[in-house]
Amino acid sequence: MKYLYFPGCSLKSTGKPYEESILSVFRSLDVEIEELKDWNCCGATAYMAVDELKSFSLCARNLALAVKQYGGGQDQPVQLIVPCTACYSLLLKSQHYIEENPDVGRVVKTALQEVGYESEGLAKKVRIRHPLDVLANDVGPERIKEKVKKPLQGLKVIPYYGCLLVRPYATFDDPYNPTSMDRLIQALGADLVDWPLKTRCCGGTLSGTIQGVGLRLGYLLLKEASRKGGELLLTACPLCQFDLECFQDDMNSRFQYKVHMPVAYFSQLIGKAFNLSDRDVGAQRLFIPMKLQAAAP
Amino acid sequence: METRDLLPDQLTDLGENVHRLIKYEAELDQGFGHTIARLAHGEKFYTCIQCGTCSATCPVSHFMDFTPRRIIAMVRAGFKEEVLRSFTIWLCASCYSCTADCPREIKITDVMYALKQMAIKEGVYPKRFPIPVMAREFYKIVEKQGRNSEGRLMMNIAMKTNPFRLLRYAKVGLKLFRTGRASLHEESIENKAELKALLRAVERGKEATK
């Protein structure tokens, strides 16, 4: 099965290591993926605050492009891989609103037709997939286990899912206690650390606007992760990764408890366990080197 | 509003600083709740039981001037001015905890979005407050280029709020450049004309359905 791939703006800049590692991991698993041509921004949380209908239309163009590039005349829906959880949730939200709300649907579909796109059934013709979903359910932990060349014995790994992956649309995992990343971590041979903040907000864009609020949210996550004995925290979203990794110095000058925690993408750890090079998984781009060896007991 | 409206005559000597702390029904915007309910696709909006689950689950409610529960009550009662000028609607980071937990299945995140949209449209958000400024700058970049450029966005926010903000982000910014995670290159789609036409068609569609 071939997948289409929607990178989103972040994966071309701050989230570059996410893109690099996702592509490398899928390549080693012989999963064929192809970038969506001329994709545009999903609108994220900021565009929605200005104009909702236009925000849905931005997503609708991407869905229509996916159908055009791969879905024409197929019985099966196009499988569109979306690693950024903001893009993922926005594309899903647009599908829901265009289908379920006649007022939204009418305006968006008419506009799409005016610029020459197919506009019917975009929710059925495109299936939005997060790479965690694809790895945990299509590929499966068993096949990932087979590929592991460097097991991560004893490394205490914290799975962090963030908010938008499971809310408001939990398509492939539990909204309160998701476990797909957990299963992958176990497949790599690492020690899974259970903790209660798997889906609590990282601060989102607040770390770039109101730091007193945004950084505190990220700090609370890192503090709890350290308390639980975590040695590496894994994320599935470019904004979570950026907030949690890049502002640790600022958090330490602001708050009492000092944090120092490597924060990587789940795909980077999978790649390293497959024995891919640092460059293949973008490990050299991290501010805090990724930890792969468990601390001596 | 005159101080005399609410205080007995002999108390007006207290001066200009005494203000009425309640609002009379006649001063409320009675249609506000219905407008927001429509904008937020919220048929269920009026079934709110004021249980406060949204405020309890919200990770930023302790920074808000009005908790999400109060915002819902104020919107229903017609406190348009107070709600649109609040920091609350901008502090909402859109994590959907409230929407997921609401026992009445009210899409509270969408209510916050509807309020943000109205505040921007009417220009009543707190001035130089970076969150609405970010929303507008993001909107403008994407409208024009079809994609966001993170560096450009940070620059624009600083210029529209306080240029010294950039100093606060300088260290992180430099590290991003050094690790190849930021560049001065402006991202853009190829078919900008098509995107422009699409967004114009949406504008026309909106006008037609009004």
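So that the names make sense, note that chain A is the first sequence line, chain B the second, and so on, each numbered from 1.
Closest approach of A/Ser57 to B/Leu198, counting heavy atoms only: O-CD2, 3.7 Å. Across A/Val107 and B/Lys206, no two heavy atoms sit closer than the pair CG1-N, 4.3 Å. Pairing each heavy atom of B/Cys95 with each of A/Arg167, the nearest pair is O-NE, 2.8 Å. The shortest heavy-atom contact between A/Val50 and B/Gln117 is O-CG, 3.6 Å. Closest heavy-atom contact between B/Arg147 and A/Cys41: CA-CB, 3.9 Å. In terms of heavy-atom proximity, A/Leu206 sits nearest to B/Trp90 at CD2-O, 4.5 Å.
Within the 4.5 angstrom heavy-atom criterion, atoms from both the backbone and the side chain of B/Arg168 approach chain A. When heavy atoms are compared at a cutoff of 4.5 Å, B/Lys171 approaches chain A solely by way of its side chain, counted from C-beta outward. A/Leu53 touches chain B through backbone and side chain together, each having a heavy atom under 4.5 Å away. Neither the backbone nor the side chain of A/Pro175 has a heavy atom closer than 4.5 Å to any heavy atom of chain B. Heavy atoms closer than 4.5 Å to chain B are found in the side chain of A/Val104, but not in its backbone. The contact between B/Ile189 and chain A is made by backbone and side chain atoms together, counting heavy-atom distances below 4.5 Å. Proximity to chain A (any heavy atom under 4.5 Å) is shown, for B/Met118, by neither the backbone nor the side chain. In this structure, the portions of A/Ser10 lying under 4.5 Å from any heavy atom of chain B include both its backbone and its side chain. Neither the backbone nor the side chain of A/Thr110 has a heavy atom closer than 4.5 Å to any heavy atom of chain B. With a threshold of 4.5 angstrom between heavy atoms, A/Asp38 approaches chain B through its backbone and through its side chain. Heavy atoms of A/Leu220 lying under 4.5 Å from chain B are absent altogether. Contacts between A/Glu245 and chain B at a heavy-atom distance below 4.5 Å involve the side chain alone, from C-beta outward. Only the backbone of A/Ser207 comes within contact range of chain B, with at least one heavy atom under 4.5 Å from a heavy atom of that chain. For A/Gln284, the part lying near chain B is the backbone, with the side chain staying farther off; criterion is any non-hydrogen pair under 4.5 Å. For A/Lys16, the part sitting under 4.5 Å from any heavy atom of chain B is the side chain, from C-beta outward, and nothing else.
The CD atom of B/Glu143 sits 8.0 Å away from the CG atom of A/Asp51 when rounded to the nearest 0.5 Å. Between the CZ atom in B/Arg181 and the OH atom in A/Tyr18 there is a gap of 13.0 Å [rounded to 0.5 Å]. Separation of atoms CG (B/Asn148) and OG (A/Ser13) is listed at 7.5 Å; rounding is to 0.5 Å. Note that OH of B/Tyr96 and OG1 of A/Thr199 are 15.0 Å apart. Values are rounded to the nearest 0.5 Å. Distance CE/B/Met112 to OG1/A/Thr45: 14.5 Å, rounded to 0.5 Å. How far CG of A/Leu58 is from CG of B/Leu195: 6.0 Å, rounded to the nearest 0.5 Å.
By the 4.5 Å heavy-atom criterion applied to side chains, A/Thr209 and B/Phe129 are not counted as neighbours. Side-chain atoms of A/Asp103 and B/Thr209, non-hydrogen and from C-beta on, never get closer than 4.5 Å to each other. Under the 4.5 Å side-chain criterion, counting only non-hydrogen atoms from C-beta, B/Pro59 is in contact with A/Arg200.
B/Glu150 places a side-chain N or O within donor-acceptor distance of the main-chain N or O of A/Thr14, the cut-off being under 3.5 Å.
Classification of B/Asp110 and A/Lys93 as a salt-bridged pair holds, one side-chain N sitting under 4.0 Å from a carboxylate O.
By number of non-hydrogen pairs under 4.5 angstrom with chain B, the leading residue of A/Arg216, A/Met48, A/Arg106, A/Lys12 is A/Met48.
A/Asp250 and B/Tyr169 share no side-chain donor-acceptor pair at under 3.5 Å.
Other residues, nucleotides and ligands contribute only 12 or fewer heavy atoms inside 6.0 Å of the NZ atom of B/Lys144.
Aromatic ring orientation, A/Tyr47 versus B/Tyr139: tilted (interplanar angle from 30° to 60°).
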